[in-house]
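We use all heavy atoms of the structure for the numbers below, so side chains are in, but hydrogens, waters and symmetry mates are not. This structure is a prediction, so every number in the text was calculated from the model and none was measured.
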Amino acid sequence: HKHSQDNIINMGLSLQRDLKIIIGLAFALSVGILLNILACAIWNNWWPIFVVIAYILAPFPNLMCANCGKGYEESQERAFIDAGNFFTGMIIVSGLALPTVLMHLQIIRTEALFMALAGGVVTYGTILLYLHVFHREEEYDMY
């Protein structure tokens, strides 16, 4: 009976920790998106908002490739996962490069570039931190 109470207490503490982490990540994600919106609104130029499309598209290659690889041999499944990681990386680099190209073409100001890049780094960092904290166990089960 004492052992089951300890498990319940430990599970409650784990849920509290997870909830605090999720609230912190939600706050960081909202700050990242706010920086992108401010990069547009302050200088009344809405071109940098297209970076948000990259935020939305970034997880899809990983999701699709991980599901497509199910049922294959381990080496072939790993190839699907690597392809998903490659395409996700390509989208992330494109999302960070777009404001730089827009600034180089003098479509947006340098200040808007720095705000959009800061928003991108915060947003992508939040996504990576979420994956690191909450999907770590699943990754180890795969091997």
Note to self: How close do Asn62 and Asn85 get, counting heavy atoms only, and between which atoms?
What the structure shows: OD1-OD1, 2.9 Å

Margin query: Apply side chain to side chain contact (heavy atoms under 4.5 Å, CB included) to residues Leu25 and Phe134 and explain how you reach the verdict.
Written below: CA-CA 12 Å; Leu25 290 173; Phe134 290 106; 4.2 Å; yes

Note to self: I want to check something: taking the side chain as every heavy atom from C-beta on, are Ile127 and Pro59 in contact at a cut-off of under 4.5 Å?
What the structure shows: no

Notebook entry, point to check: Between Ile21 and Tyr130, is there a shared hydrophobic cluster once you connect ILVMFWY residues whose side-chain heavy atoms come closer than 4.5 Å?
Noted result: yes

Note to self: Tell me which pairs pass ring pair (Phe, Tyr, Trp, His ring centres under 6.0 Å) where either residue lies in residues 74-106, with sequence neighbours left out.
What the structure shows: Tyr72-Phe80

Margin query: Measuring from atom CG of Leu117 to atom CG of Leu35, what distance do you get when rounded to the nearest 0.5 angstrom?
Written below: 11.0 Å

Check: Do Val122 and Val93 share a hydrophobic cluster, counting only Ile, Leu, Val, Met, Phe, Trp and Tyr and linking them when any side-chain heavy atoms are less than 4.5 Å apart?
Finding: no

Next item on the list: Treat each ILVMFWY residue as a node, draw an edge where side-chain heavy atoms are under 4.5 Å apart, and state whether Ile23 and Val31 are in one component.
Entry: no

Note to self: Working to the nearest 0.5 angstrom, can you tell me the gap between Leu29 CG and Leu34 CG?
What the structure shows: 11.0 Å

Check: Side-chain contact, heavy-atom cut-off 4.5 Å: Thr100 with Leu96?
Finding: no

Next item on the list: Compare every heavy atom of Ile92 with every heavy atom of Ala58, then report the nearest pair and how far apart it is.
Entry: CB-CG1, 4.2 Å

Notebook entry, point to check: Taking all atoms of both residues into account, what is the closest heavy-atom pair of Ala116 and Pro48, and its distance?
Noted result: CB-CB, 4.4 Å

Next item on the list: Quick one: which residue pairs count as a ring pair (Phe, Tyr, Trp, His ring centres under 6.0 Å) with a foot in residues 45-71, not counting sequence neighbours?
Entry: Trp47-Phe50, Tyr55-Tyr124

Check: Quick one: do Leu102 and Met115 end up in the same hydrophobic cluster if we chain Ile, Leu, Val, Met, Phe, Trp and Tyr together by side-chain heavy atoms under 4.5 Å apart?
Finding: no

Next item on the list: Without swapping roles, check the side chain of Thr123 against the backbone of Gly120 for a donor-acceptor pair under 3.5 Å.
Entry: no

Margin query: Distance check, rounded to the nearest 0.5 Å: Ile37 atom CD1 versus Ile49 atom CD1?
Written below: 5.0 Å

Next item on the list: Hey, could you give me the OG/CD1 distance between Ser94 and Ile53, rounded to the nearest 0.5 Å?
Entry: 12.0 Å

Next item on the list: Given side chain to side chain contact (heavy atoms under 4.5 Å, CB included), test Met103 with Ile107 step by step and report yes or no.
Entry: CA-CA 6 Å; Met103 193 276 305; Ile107 295 173; over 6 Å; no

Item checked: Point-to-point distance, once rounded to the nearest 0.5 Å, from SG of Cys40 to CG of Asn45 -> 7.0 Å

Item checked: Reported CD1-to-CZ distance for the pair Ile42 and Arg109, which is rounded to 0.5 angstrom -> 10.0 Å

Notebook entry, point to check: Of the non-hydrogen atoms in Leu57 and Ile91, which two are nearest, and what is the gap between them?
Noted result: O-CD1, 3.7 Å

Notebook entry, point to check: If two hydrophobic side chains count as joined below 4.5 Å and joins carry through other members, does Leu38 share a cluster with Phe27?
Noted result: yes

Notebook entry, point to check: Under 6.0 Å from the CD atom of Glu73, do we count more than 12 heavy atoms belonging to anything else shown?
Noted result: no

